[in-house]
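These notes concern the structure reproduced below.
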Amino acid sequence: MIGYIGVALALIVSLVASGIYYIAENNNNTSRKNVHKIANLSYIISVGLLGIAAFYLFYIILNDKFEYAYVYGYSSLTLPIAYKISAFWAGQEGSFMLWAIFHAIFGLIIMRNSEVLPKVMTVFSLIQAFLLLFILMKSPFMMLTENNLDGIGLNPLLQDFWMIIHPPIIFLGYAALAVPFSYAVNGILIGNHKSWLTYATPWVLFALSTIGAGMFIGGFWAYKVLGWGGYWAWDPVENSSLVPWLATAALVHMLTLAKVRVGAIRHSYVLTFCSFILVLYGTFLTRSGVLSDFSTHSFADEGVGGLLGVTVLLFTFISFTLYISKYHTIPSGNLYEKASSREFILSFTALTLVFVGLLVFVGMSTPLVTKAFGAPKSLGTDFYNNSTLPVAAAIAGALLISIFISWNGIETLGAKTYGLIVVGMLLGLATASYLKLTQPLIILTVCLSFGVLAANIYAIKKQKMSYAAVCSHIGVAVLLIGIMASGAGNKTTNITFTEGQEQSVFGEKISFIGTEVSTNEIYTNFKVGTNGTIVGALTKLNKLGNPAAREPGIYRNLLADIYIAPAHDESEHTGEELTLTKNQVLTKDNVILKFIKFKMRGMDGSEPVRVEALIEVSEGRQIEEIRPELTNQDGAILGSTVMAFKRYEIHIIGIKPGEGKVIVEFRDILAAANAEQRRLEAEVSYKPLINLVWLGTCLITFGAGWAAISRVTNKRQSLEMGQSPIAGTNNKAQ
Amino acid sequence: MKKHRLLYLAVILGFVFYSMWAYQSSLTPYVTFAQAKSSKSQVQVKGTLSKSNLIQSERNSLIFALRDEAGEEVTVVYKGTKPEGMDQAESVVAIGRYNNGQFHADKLLVKCPSKYQGSVNK
């Protein structure tokens, strides 16, 4: 009860705070200070109440209070402490809580400016109230009617270091985007269209850095854990982070332009509104259940979908109504005078990023929109890959050209720099031909990106842009090379390994050297490379001892990864599969098998469904009757293993009652023991330059974070020098 | 200036038309089994696991029967490993095309009764 009441009270107090902040500005000067103090106090109280609820959630998780549905669903007695902490945000309810906590903390930070701009806090507290409302609708404090001694536990796929930190980092970014949104709404409300830009910029950069980092961590986890060989699947849950991130990236470029061109302020407003609304929209898509038939990750709708949809519409309506009503008061002007200017490149970059964002937005909204007009349609991932490729080339091109163009126009760089860029592009061509890339646009993108790397050496030397911007731009080029090389240069093959025998795959010697079994894990080990590095593919087992999650084995190298995903080897059986037809004999080595009949039990629902197959096994003149069976226990299909002549193991793996057929796995354990060699099938892939994907993403994140910090310190310096925060920033910085 | 504007417009329109083409060719409709059988392009179907035929995993492929709301059944063949939670699945979504009496799935989405238990398979 403590948690629920805490959230409910926090919601009420947030709304009160929002109201008091609103009237604080309209009061006369003497009472204004007092009203403002009351507003701040009520905001702090609402944060405190939320804090109590959050601590209570931690308390019930850490103390195994399984009478709470949330704790029962995401934690268990044996769960390691680190995963118990991450269970806090593993589910929908808790992740809203985490979002609200970050939001509340950011509120305490921007509260310090609220005396000058109280209406920022009006908007901000209102958003907080909505987040708290989501938690109430989807409360982590729901009790179960019966008391449970142990919980279900965290999904084994999520039991990974990167999945502990992935949600908090993403939600830092989501929460941070509410800050520029609040400043922008305030800017429109009070008619001061310039001052908000400086306040908003560090938060926008911070969000760019954190949402980016969160997505990249998610991708890294998918690559390392899921075993399908990629890091990005254009799934709605991924797209719902990507679209706000692209809008934020476009906004960063517009904010830079807005420092020299007032015309960019209008665009900055729109992009600021869009970036935050897109976060809400993405949340709506992935958590309302509208995409449950289209996404692998979507949460099912449990009551919060409608509210989320209304919230998206409401915030869109409020912000754009305000924008349109004050449109004529917002400064206008051209974004650029001529095409050969830094202004043009900035506009072009923002436009390109918006375009990519729009493509992904249209793609992820397709099931929803088509559903509204009839039969829902989904969109193949080909669309995303095909449509974003030319834009990727355009972005690489813009990055390269940006080096040649300063605020004043085209610059001549000198023969040395041109030479360097040409060498870089030739290096790109060489890489492309080495990896046998054939698609012209991919080759072009790789070449341009290599050119960008070379050109940025010049940019660093001449301090053409801030180091932080150069860092992010190099990151984009590195990322593009990584995506193109590892995607288009990827090679995959299915290999059957025999234990202990070496095979040469993609230029590396690989051998399967056996399995290591412990109580809850199975490692399938491979020896790879000239140094004989041991690479293990991990199978995590659940409480019943059944496989619950499979991770591939990855042989990491600087230039290329060898990615090994073993095919299922659920039991230790490596026998032969035989299909037996009713009353027909099948001869296997010196054994004759004859399937006589099925016997079904439990079809009336009184006990678990059991199917028994009567099989006659004869060896020489001896005949033995065996009765292996299949059981369906709580949805899990289990087959018993039966021995004949103490030598042949027979195990049912499938039945076709309609055709009178039974499929069994037959294994001669004597022969198997003699051979002592096991075979294993695995999918082996070669992923060239995949490390550039991780390196590029790190550089982008680091660059954006660096820029955020330098904006904060710049602002502080300029304030100390008594300047207005707008004039003080560096015009050269991008 | 005017020439420039035209050039920009042409480039932007080029991008837009190219994207529209890419969009059109990747659109995968959600259809009933009956429609899937008559369609030659990639489609998406959804159904519950039919109880009369149990899941059978052969070497590197998964064969199972799905039943849609109309009660029609189709045999689905999926080359790849069995998705987690397949046995407990509430319903299964298969994306692929119908050919020679079987639905060949490129991708499976397993819908579990529990909340965040989906799994990715490509």
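Predicted model only: the values in this text are computed from it and were never measured. Residue numbering restarts at 1 for every chain, and letters A, B, ... go by the order of the sequence lines.
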Can you list everything that forms a side chain to side chain donor-acceptor pair (under 3.5 Å) with Thr388(A)? Sequence neighbours excluded, please.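 Testing Thr388(A) for side chain to side chain donor-acceptor pair (under 3.5 Å), a comparison that skips the adjacent residues, returns none.
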Tell me, please, which residues at least two apart from Asn385(A) pass side chain to side chain donor-acceptor pair (under 3.5 Å).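 For Asn385(A), the residues satisfying side chain to side chain donor-acceptor pair (under 3.5 Å) (neighbours in sequence not counted) are Trp234(A).
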Among the listed options Asn386(A), Val362(A), Asp382(A), Leu379(A), the residue most often paired with chain B at heavy-atom distances under 4.5 Å: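 Of the options given, most contacts go to Leu379(A).
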Below 4.5 Å, heavy-atom pairs only: which of Phe383(A), Tyr384(A), Phe355(A) has the largest tally toward chain B?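 Of the candidates given, the most pairs with chain B belong to Phe383(A).
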Taking atom types as modelled, is there a side-chain donor on Ser38(B) or Tyr98(B) under 3.5 Å from an acceptor on the other?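 Per modelled atom types, Ser38(B) and Tyr98(B) side chains form no pair under 3.5 Å.
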Would you say Arg287(A) and Ser95(A) are linked by a side-chain donor-acceptor pair, where the criterion is simply a distance under 3.5 Å?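 Note: Ser95(A) and Arg287(A) side chains meet the donor-acceptor criterion.
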With only heavy atoms counted, which part of Tyr18(B) is less than 4.5 Å from chain A, the side chain, the backbone, both or neither?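 Answer is side chain: those atoms of Tyr18(B) sit under 4.5 Å from chain A.
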Which atoms of Val16(B) come close to chain A, meaning under 4.5 Å heavy atom to heavy atom: side chain ones, backbone ones, both, or neither?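 Both parts, backbone and side chain.
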Which answer fits [X], side chain, backbone, both or neither, if we ask what part of it has an atom under 4.5 Å from a heavy atom of chain B?
X	result
Leu359(A)	side chain
Phe348(A)	neither
Ala394(A)	side chain
Leu351(A)	side chain

For the CH2 atom of Trp221(A) and the NE2 atom of His166(A), what is their distance to the nearest 0.5 Å?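 Answer rounded to 0.5 Å: 8.0 Å.
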Thr366(A) side, atom OG1; Lys377(A) side, atom NZ - distance, nearest 0.5 Å: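 Reported value, rounded in 0.5 Å steps: 10.0 Å.
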